[in-house]
Asker: 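Could you have a look at this structure, given as structure tokens, before my questions?
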Amino acid sequence: MSEKKKKARVIMVQGTMSNAGKSFLVAGLCRVFWQDGYRAAPFKSQNMALNSYITKDGLEIGRAQAMQAEAAGIEPTVEMNPILLKPTSNVGSQVIVNGEVLGNMKAMDYYAKKKQFIPAIEKAFDKLSQEYDVIVIEGAGSPAEINLKENDIVNMGMARIAKAPVLLCGDIDRGGVFASLYGTVKLLTEEEQAMIKGLVINKFRGDVEILKPGLQMIEEKTGIPVVGVVPMTPLDIDDEDSLSDRLTHTAKKGGMDLAVIRLPHISNFTDFNVFERMDGVSLRYVGNTEELGTPDLIFLPGTKNTMDDLAWLRESGMETAILRCSEQQIPVVGICGGYQMLGEILEDPEGVEHGGTMRGMGLLHTRTVFSEAKTRTQTVGRIADDTVWGEFSGCKVQGYEIHMGRTEKTGDCRETVYLEDGRLDGLSNPEGTVFGTYLHGIFDYGDLAAMTVSRLMRRKGLDPKNWHFDPEEHKRQEYDKLADLVRNSLDMNRIYEILEAGIRC
């Protein structure tokens, strides 16, 4: 790697398992360093996620790295996540390198080729290291997966590339944290063990005094200091997809009832997180007809397999339940794959999904044709002035597109969203009760989410006059809470010492 200037200082967060809290710790450290006056950037060499994000230059990265960049006060770039794997089945994924689709690979094929991606990883990391003061690297899963260690490019393999000291965190809420920390350390080589400069206990509930004897013993047994105990604290920050606790929220809690259909291949469910943050709103994920009931609004989310998930809707009876709700004038909103399902017909002449033609739900007079070309772009637009949505007329919208295929109207649809580049995006039925768009994140900016809830409230005879929600200010507050949590839980003096000393390898 080049030596054009003094490189960024580096620290890495690894975990004893998936969902140990690595992403949040990286985001929190990025926020702390930003508050302390440093230009910090997140980095994850390889991420596996269905929640993805499109950068300003139209490249695709993991949503977690976009969140971490936001916490650091910087614009997300493709260098922060050079390898993204988007699962398409239990044994394969779409492989995205430097933000571009390389193709679909079975797990064994990808594993055999992993070392070929090291130059791309090094180049991305080197670019960040020339532009920022601090890089906070996130590992994946566990570094002690002994069957995968030989070709590792995301845990200790990445730590060697970056010469990064490592913090190893364990999730105490699941139990067995000392065994998992000890076992992880002892399954590593002596060289790798020496790279771990601190242990972190994450998601702790209770009195830390009771924990202290265990902290002392784990330090003695591993020879590695415990640099912090992070308490379990409710924070409203975007999380990783398949492991998210959000997807288990199935019960109505009161207030406005918004239901997201929990598709088998659901992706980018972060599109709806903003509604969870609102007082008087209950957002829940439903996977069967009994759970659905009669909500105030139904969301059909994005999916990695539109046609397969449409078949699941049909076979499970969910399609019939949704159509029944629509007949009762309950609004239905589809985003990306959900938008495609709402139409009359889906065609896959190139076999992008599984080929052939499939009947859609028929709630919109549209036709979708899949193609190999993948649309990836950030965009802005506005809601049409002649929409039946009244107060939404002329409202600015923004978001990002990630889809393979195009959707066009075949009959009586209202053109609802016009994009800045002249394209038509959103379409609705004549009554405005069914709406589809390709824009992920459309509810994350401005007042659109709050206006949507206000409209639903008026529909139920409620007065939204004094009801308001600012999603961007709420997000800033949550990042600051996360920084406070990290700063108060970790020995930041020790963290800065580790950062300054680095490692030799």
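Since this is a predicted model, take the numbers as computed values, not measurements.
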Asker: Rounded to the nearest 0.5 Å, how far does CD1 of I442 lie from CD1 of I383?
Answerer: 6.5 Å
Asker: Locate the shortest heavy-atom distance separating A450 from M278; write the atom from each residue and the value.
Answerer: N-CE, 3.7 Å
Asker: Tell me whether the rings of Y110 and F117 are parallel (<30°), tilted (30 to 60°) or perpendicular (>60°).
Answerer: parallel
Asker: Minimum heavy-atom separation for G360 and L346, please, with both atom names.
Answerer: CA-CD1, 3.7 Å
Asker: Does the ring centre of F443 sit less than 6.0 Å away from the ring centre of F299?
Answerer: yes
Asker: In the structure I gave you, are the side-chain heavy atoms of R406 and R423 within less than 4.5 Å of one another anywhere?
Answerer: no
Asker: Could you walk me through whether R174 and D171 satisfy the salt bridge (charged side-chain N to carboxylate O under 4.0 Å, His left out) test, starting with their C-alpha distance in whole Å, then the side-chain angles of each, then the deciding distance to 0.1 Å, before giving a yes or no?
Answerer: CA-CA 6 Å; R174 293 188 179 187; D171 177 1; 3.4 Å; yes
Asker: Show, in sequence, the C-alpha distance, side-chain angles and deciding distance for F125 and M158, and conclude whether the side-chain contact (heavy atoms from CB on, under 4.5 Å) test is met.
Answerer: CA-CA 10 Å; F125 178 79; M158 185 63 224; 4.1 Å; yes
Asker: Please check if any side-chain donor atom of T368 sits under 3.5 Å from a side-chain acceptor atom of T407, or the reverse.
Answerer: yes
Asker: Side chains of T270 and N268: is there a donor and an acceptor less than 3.5 Å apart?
Answerer: no
Asker: What I want to check is whether the side chains of E347 and T357 have a donor and an acceptor closer together than 3.5 Å.
Answerer: no
Asker: Do H265 and D309 have side-chain N/O donor and acceptor atoms under 3.5 Å apart?
Answerer: yes
Asker: Ion pair present between K481 and D484, side-chain N to carboxylate O less than 4.0 angstrom?
Answerer: no
Asker: So, are K475 and E70 salt-bridged, with charged N and O less than 4.0 Å apart?
Answerer: yes
Asker: Restricting to non-hydrogen atoms, name the atom on P42 and the atom on Q65 that form the minimum distance, rounded to 0.1 Å.
Answerer: CG-O, 3.8 Å
Asker: So, R63 and D444, do they make that salt bridge, N to O below 4.0 Å?
Answerer: yes
Asker: Scan side-chain atoms only and decide if D480 and Q35 contain a donor-acceptor pair under the 3.5 Å cut-off.
Answerer: yes
Asker: Salt-bridge test for E327 and R324: reply yes if a basic N is under 4.0 Å from a carboxylate O, no otherwise.
Answerer: no
Asker: Under 3.5 Å, is there a donor-acceptor pair between the H474 and D236 side chains?
Answerer: yes
Asker: For a 4.5 angstrom cut-off between non-hydrogen side-chain atoms, does Q68 reach K44?
Answerer: no
Asker: Could you pull out the closest heavy-atom pair between I54 and R376, with the gap in Å?
Answerer: CD1-CB, 3.7 Å
Asker: Output all residues satisfying ring pair (Phe, Tyr, Trp, His ring centres under 6.0 Å) with F204, sequence neighbours left out; order by chain, then residue number.
Answerer: none
Asker: Would you say that more than 12 heavy atoms from the other residues, nucleotides or ligands in this model lie under 6.0 Å from the NZ of K374, or not?
Answerer: yes
Asker: Identify, with sequence neighbours excluded, every residue that meets side chain to side chain donor-acceptor pair (under 3.5 Å) alongside E353.
Answerer: none
Asker: Tell me, do F272 and P301 make a side-chain contact under 4.5 Å, heavy atoms counted?
Answerer: yes
Asker: Would you mind checking if E138 and K22 are paired as a salt bridge, meaning a charged N to carboxylate O distance below 4.0 Å?
Answerer: no
Asker: Side-chain atoms of residues 335-343: list all donor-acceptor pairs with protein atoms under 3.5 Å, sequence neighbours left out, distances to 0.1 Å.
Answerer:
residue, atom, partner, partner atom, Å
Y339, OH, D425, O, 3.2
Q340, OE1, T306, OG1, 3.0
Q340, NE2, Y438, OH, 3.1

Asker: Test side-chain contact (heavy atoms from CB on, under 4.5 Å) on L448 and V397 and set out the steps.
Answerer: CA-CA 8 Å; L448 188 62; V397 297; 4.0 Å; yes
Asker: Quick check: do P331 and I298 have side-chain heavy atoms less than 4.5 Å from each other?
Answerer: no
Asker: Would you mind reporting whether V260 and L283 have side-chain heavy atoms less than 4.5 Å apart?
Answerer: yes
Asker: Assess the side chains of N429 and E431: does a donor N or O sit below 3.5 Å from an acceptor N or O?
Answerer: yes
Asker: Looking at Y400 versus Y53, is the centre-to-centre ring distance below 6.0 Å?
Answerer: yes
Asker: Measure from the side-chain N and O atoms of D348 to the backbone N and O of V352, and report whether any donor-acceptor pair falls under 3.5 Å.
Answerer: yes
Asker: Do P76 and I61 have side-chain heavy atoms sitting under 4.5 Å apart?
Answerer: yes
Asker: Any chance the side chains of T55 and T77 put a donor and an acceptor closer than 3.5 Å?
Answerer: no
Asker: Between E401 and L419, does the side-chain contact (heavy atoms from CB on, under 4.5 Å) criterion hold? Intermediate values first, please.
Answerer: CA-CA 12 Å; E401 297 178 65; L419 302 179; 3.8 Å; yes
Asker: Write down the atom of P295, the atom of C325, and the distance for their closest heavy-atom approach.
Answerer: CD-SG, 4.3 Å
Asker: Do the side-chain N and O atoms of E344 and H365 include a donor-acceptor pair separated by under 3.5 angstrom?
Answerer: yes
Asker: Step by step, work out the side-chain contact (heavy atoms from CB on, under 4.5 Å) result for L485 and L235.
Answerer: CA-CA 10 Å; L485 177 66; L235 287 168; 4.0 Å; yes
Asker: Does a sphere of radius 6.0 Å around CD in E420 hold more than 12 heavy atoms from other residues, nucleotides or ligands, not counting ones at 6.0 Å or beyond?
Answerer: no
Asker: Donor-acceptor pair, distance only, cut-off 3.5 Å: does the side chain of R284 make one with the backbone of E291?
Answerer: yes
Asker: Would a 4.5 Å heavy-atom cut-off, applied to side chains only, mark S316 and T289 as touching?
Answerer: no
Asker: Show the nearest heavy-atom pair for residues A20 and G15, with the distance to one decimal.
Answerer: CB-CA, 4.3 Å
Asker: Heavy-atom distance under 4.5 Å between the side chains of L25 and V230, does that happen here?
Answerer: yes
